[in-house]
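Taking it in order: structure first as structure tokens, then the write-up.
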Amino acid sequence: MTTQTIEPTADQLRAFAHENADDAPVVMLNLLRYRAQANYSAHPHEVPCSGREAFKRYSKLSIVCIEASGGKVLFIGNARASVIGPTDEQWDDIFLVQYPSRTAFLQMIATPEYRAINFHRSAALQDSRLIPVHSKLINL
């Protein structure tokens, strides 16, 4: 079974921060698997809900941070069964969010406003992937 991850490690953030071409836009591919019940054990004042509902709470608040950073949501969709991939790695939703640069993304996740709401994301998710995608012009 694959390792479940919710938050990036310090090493992953450092590696992302030191990639080339910082001035290029980056699209963050989000693969999300929700908990059946959100884990608000660290925030008992929150009204209990499903993981999907907790992620909706996070999304409503995080869109302000995304837009303030110059970012925009490009795509939101429900995932279906994989055609290629491990059978134990299924996802509920897929998000594509574009940021003007890696620096814009890193600055956004470091803001007090974003840090104050990220607990909804952590409470919501059973597993996730966050994959930066840089566009390339290719000739086929």
Side-chain angles (χ1 to χ4, degrees):
M1 176 137 195
T2 328
T3 302
Q4 295 179 340
T5 53
I6 307 301
E7 299 296 333
T9 66
D11 288 342
Q12 288 171 318
L13 286 175
R14 264 192 301 280
F16 176 69
H18 292 97
E19 288 179 1
N20 294 327
D22 181 54
D23 59 340
V26 61
V27 174
M28 301 301 275
L29 167 64
N30 295 261
L31 303 175
L32 308 171
R33 184 177 318 123
Y34 303 114
R35 298 175 192 271
Q37 185 70 27
N39 180 3
Y40 280 120
S41 58
H43 299 274
H45 62 282
E46 290 295 328
V47 176
C49 64
S50 68
R52 185 176 290 278
E53 183 58 37
F55 199 84
K56 285 181 187 176
R57 293 175 186 177
Y58 164 78
S59 296
K60 286 178 185 177
L61 299 168
S62 68
I63 192 68
V64 175
C65 299
I66 291 168
E67 290 175 349
S69 75
K72 61 183 175 181
V73 176
L74 299 177
F75 177 85
I76 300 171
N78 298 114
R80 300 289 183 236
S82 292
V83 175
I84 298 174
T87 56
D88 66 338
E89 192 169 274
Q90 300 295 317
W91 304 104
D92 295 318
D93 284 338
I94 297 169
F95 281 68
L96 295 173
V97 182
Q98 181 176 349
Y99 295 91
S101 66
R102 288 177 292 112
T103 299
F105 171 77
L106 291 168
Q107 289 174 342
M108 182 205 69
I109 65 172
T111 64
E113 295 81 8
Y114 181 82
R115 294 177 76 167
I117 62 166
N118 193 52
F119 73 93
H120 288 294
R121 181 182 180 282
S122 298
L125 297 176
Q126 178 183 348
D127 198 5
S128 68
R129 302 291 181 270
L130 183 59
I131 303 166
V133 180
H134 299 278
S135 63
K136 284 182 161 182
L137 295 177
I138 58 171
N139 294 318
L140 297 177

Distance check, rounded to the nearest 0.5 Å: [X] atom [atom1] versus [Y] atom [atom2]?
| X | Y | atom1 | atom2 | result |
| --- | --- | --- | --- | --- |
| Glu46 | His120 | CD | NE2 | 4.5 Å |
| Ser62 | Ile109 | OG | CD1 | 12.5 Å |
| Ser59 | Phe95 | OG | CZ | 4.5 Å |
| Leu61 | Cys65 | CG | SG | 8.0 Å |
| Asp92 | Phe55 | CG | CZ | 11.0 Å |
| Cys49 | Gln37 | SG | CD | 7.0 Å |

Do the non-hydrogen side-chain atoms of [X] and [Y] ever get within less than 4.5 Å of each other?
| X | Y | answer |
| --- | --- | --- |
| Met28 | Ile66 | no |
| Tyr34 | Gln126 | no |
| Leu96 | Gln98 | no |
| Tyr99 | Gln107 | no |

Ignoring hydrogens, what is the shortest heavy-atom contact between [X] and [Y]? Give both atom names and the distance.
| X | Y | value |
| --- | --- | --- |
| Pro100 | Gly71 | CD-N, 4.0 Å |
| Ala124 | Gly51 | CB-O, 3.1 Å |
| Ser69 | Ala104 | O-CB, 3.8 Å |

> Do side-chain atoms of Arg35 reach the backbone of Leu125 as a donor and acceptor pair under 3.5 angstrom?
Replying inline: yes

>> Are His45 and Tyr40 an aromatic pair, judged by ring center distance below 6.0 Å?
In response: no

>> Under the side chain to side chain contact (heavy atoms under 4.5 Å, CB included) test against Leu130, which residue among Leu31, Asn30, Leu32, Val97 passes?
In response: Asn30

> With Pro132, which of Leu29, Val26, Val27 fulfils side chain to side chain contact (heavy atoms under 4.5 Å, CB included)?
Replying inline: Val26

> Cluster question for you: counting only ILVMFWY and a side-chain heavy-atom cut-off of under 4.5 Å, with indirect links fine, are Ile94 and Val133 together?
Replying inline: yes

>> Tell me whether Val64 shares a hydrophobic cluster with Leu74, the cluster being built from Ile, Leu, Val, Met, Phe, Trp, Tyr side chains joined at under 4.5 Å.
In response: no

